[in-house]
Each structure stands twice: as C-alpha cells, then as structure tokens.
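All values derive from a computational prediction rather than experimental measurement.
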Amino acid sequence: MLLMLLLLGALLLFCNLDVWYFLRVAHVFLQAWFQPRICDILAEQSIECKVLPNDLDYMGHMNNSRYLRECDFARFHHYVRSGIFMASHKLGAKMVVGASTIRYRRSLAFREAFEIRTKVLGWDDKAFYLEQRFVSKTDGFVSAIMLCRQNVVRSSPDNIIESVCKEKVECPEFSDDLKHWINFISANRQALRAESGLEDKNK
C-alpha cells in the first residue's frame, strides 16, 4: 500500500511539475560549484551535452525549444563558475531573459555530443549581452548560435561585475552584429509601445 502511494505521488509530481528541469538545475549547479572558478568574467566557458530521447521531435532530431532550454542551463553554469550568480544573490538582484534570437544552422541528431560555449559580449546599464554557440563534438561545426539579453532587476551589471572582480571593469566594444541586434530590440519595443498607446500616455 505504501509503495502504491509513493508511486502515485511520484506520478502526480511528474505530471504537474517539470521534475527533470529542477533535477538538471541542481546537477548543473553542483557541477559548476565544484569546478575551478573562472576569474575572467569575459572568458568563454563551455558545458558538454548530448542529445537524449526526450530532446527529440517527430523528425528525430533535437527539438527547437530544447536549444533554448539548454542555453538556460549553460548560462546558469557560466554564472556560477564566474561568480555572477553569487554576486547577484548577495546584491538582491534577479536576472531574467529580456530577449533572445537563435539561428539554426544544422540539426543535432540523437546521441550526438555537443558543447555549448557561452560568452559575455558586453553590458549596459540594464542588461548583460551573451553569445551561446552549439558546437558539434564530431567536427566542430557551429550547429546553432544564440544572442541573449539578460536583464538585471534591482541592481545593475556594473554593480554585479564590481562585486565579482572587486574593481570596475570596462565593457568591451560591441560588435556591429550586436549593435544591430540591440537596435532591433529597441525599435521593436518602441513599435509595440506605440501600437498599444503607451507612447501617447507618457507624453
């Protein structure tokens, strides 16, 4: 009877909560915590992955949405190893994705090994900007590449970086691609505000 109740409880838990997501978060956190700290906040970091059965779509390759999910784990891994996660927690800050754009170049097949290479490209007064690459372990081909804007709430990137590095760090110059992407985000925000009438209300 007790075993049946436990199985029923586990079934209800898995049906109503993405248990694997939280288990993966715990695994990534512990993995990053026990790895050596990365002192250079601008250094590229990588995490190794493999395409599993629950990553597949009906075409037999990695589902598009799984790329974004894996990017979440890779960013979390990056933040823990670089000290950004602890610094933001200490400052009472939260980081949320404000925008992301991904370009798919070649599908990842079942059991294919790959790594996600994450790098902070720069920041402004409100957000970090990151690049994340899906690189096949077979031939080094960049299968997908994503740009991500990570908004900082209740603090600023400068405060977080200063807390990590114990000194002020100059933001690197933005590449032309990143500038174009940021301009697109800004133009899209203004267009949506105008569409909803928010621009008129603020005048």
Atom [atom1] of [X] and atom [atom2] of [Y]: how far apart are they, to the nearest 0.5 Å?
X	Y	atom1	atom2	result
Asn63	Leu68	CG	CG	9.5 Å
Trp20	His27	CH2	NE2	12.5 Å
Leu121	Leu42	CG	CG	9.0 Å
Cys71	Ile145	SG	CD1	10.5 Å
Leu108	Leu56	CG	CG	10.5 Å

### Message
Holding to salt bridge (charged side-chain N to carboxylate O under 4.0 Å, His left out), I want the full list of residues that pass it with Arg37, two or more places apart in sequence or in another chain.
### Response
none
### Task
Kindly write out the residues that satisfy salt bridge (charged side-chain N to carboxylate O under 4.0 Å, His left out) with Arg133, not counting sequence neighbours, or none if the list is empty.
Glu131
Where at least one partner belongs to [range], residue pairs that pass side chain to side chain donor-acceptor pair (under 3.5 Å), sequence neighbours excluded:
range	value
residues 106-121	Arg106-Asp139, Glu112-Ser136, Glu115-Arg117, Thr118-Gln132
residues 38-52	Glu48-Lys137
residues 140-150	Arg75-Gln150, Tyr79-Gln150, Tyr129-Arg149, Arg149-Asn151

### Message
Let's go through Phe76 and Ile84 carefully: what are the C-alpha distance in whole Å and the side-chain angles of both, what is the deciding distance for side-chain contact (heavy atoms from CB on, under 4.5 Å) to 0.1 Å, and is it a yes or a no?
### Response
CA-CA 9 Å; Phe76 189 53; Ile84 290 177; over 6 Å; no
### Message
Under the criterion side-chain contact (heavy atoms from CB on, under 4.5 Å), I'd like the reasoning laid out for Ile160 against Val152: C-alpha separation, chi angles, the key distance, then a yes or no.
### Response
CA-CA 9 Å; Ile160 292 174; Val152 178; 3.8 Å; yes
Quiz: residues 90-102 side-chain donor-acceptor pairs under 3.5 angstrom, not counting sequence neighbours:
from	atom 1	to	atom 2	distance (Å)
Thr101	OG1	Trp181	NE1	2.6

### Query
Residues in ring pair (Phe, Tyr, Trp, His ring centres under 6.0 Å) with Tyr21, at least two apart?
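Counting only residues at least two positions away or on another chain, Tyr21 forms a ring pair (Phe, Tyr, Trp, His ring centres under 6.0 Å) with Phe73.
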### Task
Kindly give the cluster partners of Leu3, where membership spreads through any ILVMFWY side chain lying under 4.5 Å from a current member.
Leu7
### Task
Could you list who else is in Leu52's hydrophobic cluster, with ILVMFWY side chains joined at under 4.5 Å, directly or through other members?
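Under the 4.5 Å side-chain rule, Leu52 groups with nothing.
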### Query
Between Asp18 and Arg24, is the closest basic N to carboxylate O distance under 4.0 Å?
no
### Query
Quick check: does any side chain N or O of Asn159 sit under 3.5 Å from a backbone N or O of Ser155, one acting as donor and the other as acceptor?
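No, because the side chain of Asn159 does not come within donor-acceptor range (under 3.5 Å) of the backbone of Ser155.
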### Query
Is there a donor-acceptor pair under 3.5 Å between the side chain of Arg81 and the backbone N or O of Trp33?
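Here the side-chain-to-backbone pair does not exist.
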### Summary
For residues 26-35, the salt bridge (charged side-chain N to carboxylate O under 4.0 Å, His left out) pairs (sequence neighbours left out) are none
#### Entry: Linked, directly or transitively: Val153 and Leu130 (ILVMFWY side chains, under 4.5 Å)
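As far as the 4.5 Å side-chain criterion goes, Leu130 and Val153 are not connected within one cluster.
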### Query
Should Leu17 and Leu11 be regarded as members of a common hydrophobic cluster, given that ILVMFWY residues are connected when their side-chain heavy atoms come within less than 4.5 Å of each other, either directly or indirectly?
no
### Query
Pairs in or reaching into residues 134-171: which pass ring pair (Phe, Tyr, Trp, His ring centres under 6.0 Å), with residues at least two apart or in two chains?
Tyr67-Phe134, Phe114-Phe134
### Task
Would you check if there is a donor-acceptor pair between the side chains of Ser186 and Asn183 at a distance under 3.5 Å?
no
#### Entry: Side-chain H-bond candidate by donor/acceptor type, Trp123 with Asp158, under 3.5 Å
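Result is yes, a qualifying pair exists.
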Acceptor/donor pairs from residues 163-177 side chains to any protein atom, 3.5 angstrom cut, sequence neighbours excluded:
from	atom 1	to	atom 2	distance (Å)
Lys166	NZ	Ser163	O	3.0
Ser175	OG	Leu178	N	3.3

